[in-house]
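Remember, predicted model here, so these are calculated numbers, not experimental data.
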Amino acid sequence: MNNKTLYYAALAGVLITPQLSNAAEQKPKLVLQITVDALRGDLLNRYKSNFGDDGFRYLMDDGTYFTNAYYQHGNTETIVGHVSLATGAPPSVHGMVGNVWYDRSKERLVYNVEDGNYSMLTSGAGVNKSTEIDPTQKVATQDGRSPNPMLSSTFSDELAIATNGESKIFSVSVKDRGAISLGGHSGKAFWFSKSGSEFVTSNYYYDEYPTWVNAWNEKKLPNQYSGKRWELSLPADQYTLKESNPDYKVDLAGFKRTFPHPYGPASYKYYSTMLTLSPAGDELTEDFASTLLKEENLGKGKFTDYLAVSFSANDYVIHMYGPTSLEAEDNLIRLDRTIAKLLKNVDKQVGLENTLIVLSADHGAPEAPAVVNALGVSQAATFDQKKLISPTLLKRLKTEFGLGENAIRLYAQPYIYLNHDVIKKKGVSLEAVQKALSEELMKVQGIAYAVTSSDIEKNQVPNTHTMQLVKNNYHPQRSGDVYVVYQPRNFINDMEGLTIASTHGSPWRYDTYVPVIFAGYNIDDKKVSREITPYDIAPTLSGILGITQPSGATGKVLPEVISD
């Protein structure tokens, strides 16, 4: 190569390299992660005809929409799905095996994000056990909350590390576990206190509230629903499905089984609970999140910022009324408007073209048994938890091992925990007791599988899809001795005496099926039908930003989202 050629080559390098460098440095100004609790994968399309243009429909039509996404773990509960979204990993890696689990070191059940090393920043804003309807919340023995029980880093953690703390990271939800999980160890999380009817946090995150949080709470926005009712937002004949007999629905503290649903006065002890069981909870979440977006000046810095918003009302509505109900459809119609409002505020603050949006759900949901029974599906049923520990089982433990009922500690979805100390003192094999328990449970009508932890540890379970999901839920320090899988469309519908319409938590497809949609920043409009898993979201976000994936991520980067 002569000198002239070298000169022009060098000149070309000078001219081109800065352009390539600038292109490489271009990143979204904001990542907005939207999670809709219990949004089964088919519900968006089922109710799409009543959506507007700027909410769900914008994401579905203008984004890359993965229509065939399934979780690969068995216990499809809120904390499990949220942390899986955050970490890109199953509970066998991140450790959150259920909303509650038995902690053998503490010798008690623990709530997933409770942490006695921290306390609520607002006195009296913890769980009011006299009015709390979520039994998992009542398990906690202290009000302190933190992400420390999560055993893997999250996407937001890796973003913080990659920018040396320069990225602003926030998460908001009605549920503490919905906010804490996605905010990760490095972000700031806020959630709605039903005791205080305001958004709160713990001193893991702050020593005192930012001024704007106090200002938002002082406005008492939840009181705007006082004396009002949740009513249908459309004429009754415009709804997608005809409603069947409403007798299976729940009338909780006067909220009624059918429209309209009265909130009652703000002084009513269940008032804040009623807000969370309706679109009002999501509307308040959006208002707080949009205020945060503006007041924290997200999307204006040198590095990409992150905002996670988890909408919880859909989960509560489905528990109370089921997915095939006017309540479920109307709630999603109103959530569609709420998301449109959030996106409008993001567009104003950052620009949708500068915002990478991803929407998914933490789990799906089954139809109410009464609904599918009416259609001739007789297998759908509710399961009586008392049948787990039968007289036949107790007799076998006594005659075969000399063990009494105290050899069984408790049942916490989806596990039965044995008393290892009692079994050890008897000098009998823990594995043999587990096997006997499993064999007896498999005889009970309504139970599909009872899988022992010993068989999982030794990889002695059948090589089937369902068993792989059970294995992916297993963590040696937190999982129980026997994992119980109920027959499809069978579930325990007793929530501490409250008979509910529907509940999730199984490895069956209706519970593992969720939407995954990427939209906004550099995202093409396309529908992708190949099967993926929500674990793929965190690695894909990491790939787009060019940062390290979460420490335990098992998901794959989605090539349909990241182009060469």
Take N345 and E286, measure what side-chain hydrogen bond (donor to acceptor under 3.5 Å, both in side chains) needs, and give me the verdict at the end. CA-CA 10 Å; N345 288 327; E286 182 281 324; 3.1 Å; yes
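- Looking at N522 and Q26, their side chains never bring a donor and an acceptor atom within 3.5 Å of each other.
- Identified under the ring-ring contact (aromatic ring centres under 6.0 Å, His included) test for residues 148-188, with sequence neighbours left out: F155-Y306.
- Atoms CD and CZ, from E283 and R334 in turn, are 6.5 Å apart once rounded to the nearest 0.5 Å.
- Using a 4.5 Å heavy-atom threshold, the side chains of L343 and D54 count as separate.
- In this structure, Y263 and F255 have tilted ring planes: the angle between them lies in the 30° to 60° band.
- In this view, D115 and N117, S146, N148 satisfy the side-chain hydrogen bond (donor to acceptor under 3.5 Å, both in side chains) rule, not counting sequence neighbours.
- When only modelled atom types and interatomic distance are considered, T533 and Q72 share no side-chain donor-acceptor pair under 3.5 Å.
- One side chain, N75 or Q413, offers a donor N or O that lies under 3.5 Å from an acceptor on the other.
- Screening V557, T554, L558 for a side chain to side chain contact (heavy atoms under 4.5 Å, CB included) involving P539 leaves a single residue, V557.
- Screening residues 181-195 for salt bridge (charged side-chain N to carboxylate O under 4.0 Å, His left out), with sequence neighbours left out, gives E132-K194.
- Side-chain contact of H261 with E231: a donor-acceptor pair under 3.5 Å is absent, judged by distance alone.
- Among residues two or more places apart in sequence or in another chain, the salt bridge (Lys or Arg N to Asp or Glu O under 4.0 Å) test is passed with K302 by none.
- A donor-acceptor contact closer than 3.5 angstrom is absent between the side chains of Q238 and N50.
- Contact annotation: the side chain of P534 never approaches that of S84 to less than 4.5 Å [non-hydrogen atoms, C-beta and beyond].
- By the side-chain hydrogen bond (donor to acceptor under 3.5 Å, both in side chains) test, D347 pairs with no residue at all, sequence neighbours left out.
- Applying the side chain to side chain contact (heavy atoms under 4.5 Å, CB included) criterion to K48, with sequence neighbours excluded, gives N45, F51, R57, M60, D61.
- No salt bridge links D37 with R177; every basic N to acidic carboxylate O contact stays at or beyond 4.0 Å.
- With sequence neighbours excluded, the residues forming a side-chain hydrogen bond (donor to acceptor under 3.5 Å, both in side chains) with S153 are E158, S551, listed by chain and number.
- When only modelled atom types and interatomic distance are considered, H319 and S502 share no side-chain donor-acceptor pair under 3.5 Å.
- Summarising the local packing, NZ of K300 is surrounded by more than 12 heavy atoms from other residues, nucleotides or ligands at distances under 6.0 Å.
- Residue T355 holds its OG1 atom at 10.0 Å from CG of L307, rounded to the nearest 0.5 Å.
- The NZ atom of K526 sits 13.5 Å away from atom CG of D62, with the distance rounded to the nearest 0.5 Å.
- A distance-only check finds a donor-acceptor pair linking the side chain of Y271 to the backbone of S226 [under 3.5 Å].
- Taken to the nearest 0.5 Å, the CG atom of L59 stands 11.5 Å off from the CD1 atom of I523.
- For K348, the NZ atom is loosely surrounded, since the number of other residues' heavy atoms within 6.0 Å does not exceed 12.
- For the side-chain hydrogen bond (donor to acceptor under 3.5 Å, both in side chains) test, no residue two or more places apart in sequence or in another chain qualifies with D524.
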Side-chain polar contacts of residues 207-214 - donor-acceptor pairs under 3.5 angstrom, sequence neighbours left out - could you list them?
unit_1	atom_1	unit_2	atom_2	d
Y209	OH	T122	OG1	2.6
Y209	OH	T201	N	3.3
W212	NE1	E296	OE2	2.8

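- Between S167 and T304, the side chains place no donor N or O within less than 3.5 Å of an acceptor N or O (distance only, hydrogens not considered).
- Qualifying side chain to side chain contact (heavy atoms under 4.5 Å, CB included) partners for A189, counting only residues two or more places apart in sequence or in other chains: S171, A179, I180, W191, Y205.
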Begin with the C-alpha distance, continue with both residues' side-chain angles, and end with the deciding distance and a verdict on side-chain hydrogen bond (donor to acceptor under 3.5 Å, both in side chains) for D362 and H82. CA-CA 5 Å; D362 53 349; H82 274 80; 3.3 Å; yes
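- The distance between the ring centers of Y321 and F259 does not fall below 6.0 angstrom.
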Stepwise side-chain hydrogen bond (donor to acceptor under 3.5 Å, both in side chains) check, W101 with N112: CA-CA 8 Å; W101 61 83; N112 52 85; over 6 Å; no
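- In the model, T136 has no side-chain atom that pairs as donor or acceptor with a side-chain atom of N99 under 3.5 Å.
- For the pair V113 and M150, the minimum side-chain heavy-atom distance is 4.5 Å or more.
- If you check the side chains of D157 and S186, you find a donor sitting under 3.5 Å from an acceptor.
- Counted within 6.0 Å of NZ on K294, heavy atoms from surrounding residues, nucleotides or ligands total 12 or fewer; the atom is thus considered open.
- A38 pairs by the side chain to side chain contact (heavy atoms under 4.5 Å, CB included) definition with N314, D315, I318, H363, not counting sequence neighbours.
- In summary, the side chains of S152 and T87 do not present any donor paired with an acceptor at a separation below 3.5 Å, with no hydrogens or angles considered.
- Between the side chains of Y118 and Q142, no donor-acceptor pair of N or O atoms lies under 3.5 Å.
- Side-chain contact check for V350 versus L32: every heavy-atom pair is 4.5 Å or farther apart.
- Y239 and D330 share a side-chain donor-acceptor pair at under 3.5 Å.
- Remark: D282 pairs with F311, A313, N331, L335 by the side chain to side chain contact (heavy atoms under 4.5 Å, CB included) rule, at least two apart or across chains.
- Side-chain polar atoms of Y111 and Q137 form a donor-acceptor pair below 3.5 angstrom.
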Could you give me the CA-CA distance, side-chain angles and deciding distance for T35 and L85, then say whether side chain to side chain contact (heavy atoms under 4.5 Å, CB included) is met? CA-CA 9 Å; T35 306; L85 285 170; 3.8 Å; yes
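- By the 6.0 Å contact criterion, NZ on K269 is open, its count of non-hydrogen atoms from other residues, nucleotides or ligands being 12 or less.
- Note that CD of E329 and CG of L332 are 8.0 Å apart. Values are rounded to the nearest 0.5 Å.
- The two residues S197 and S272 come nearest to each other via the heavy atoms OG-OG, 3.1 Å.
- In this structure, a donor-acceptor pair under 3.5 Å is present between the side chains of N203 and S119.
- Between D176 and R145 there is a salt bridge, since a side-chain N of the basic residue sits under 4.0 Å from a carboxylate O of the acidic one.
- Distance check, rounded to the nearest 0.5 Å: CD1 of I34 to CD1 of I517 gives 9.5 Å.
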